[in-house]
Amino acid sequence: MDVARVMCISRNKAYEVVHSRDFPSFKVGKQYRVSRDKFLSWLSTASDQKMEIA
């Protein structure tokens with residue numbers, strides 16, 4: 001799953017989101033990974049709270 005595509009944002013904006021404090025990502029080597037379940041939960045919470053993405 002591509003975070004940028006799901007959220008309809010640019011790749012650069014997706015990197016900003018992934019590096020944000022509340023985003024559920026983890027690093028493997030040089031790559032950031034996102035659990036599908038945690039991402040969908042975060043996305044649901046963010047939309048419920050109408051969070052502004054940096």
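Applying the ring-ring contact (aromatic ring centres under 6.0 Å, His included) criterion to Y32, with sequence neighbours excluded, gives H19. Residues forming a side-chain contact (heavy atoms from CB on, under 4.5 Å) with S35 (at least two apart in sequence, or on another chain): D37, K38.
Residue Y15 shares its hydrophobic cluster (ILVMFWY side chains chained together at separations under 4.5 Å) with no other residue.
A distance-only check finds no donor-acceptor pair linking the side chain of S44 to the backbone of S41 [under 3.5 Å].
For V18 against F23, the heavy-atom pair with the smallest separation is CA-CD2, 3.6 Å.
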Contacts under 3.5 angstrom, residues 4-12 side chains, donor-acceptor by atom type, not counting sequence neighbours:
| residue | atom | partner | partner atom | Å |
| --- | --- | --- | --- | --- |
| S10 | OG | K13 | N | 3.1 |

| Between V34 and F26, does a side chain to side chain contact (heavy atoms under 4.5 Å, CB included) hold up when you go through it step by step? | CA-CA 7 Å; V34 181; F26 57 96; over 6 Å; no
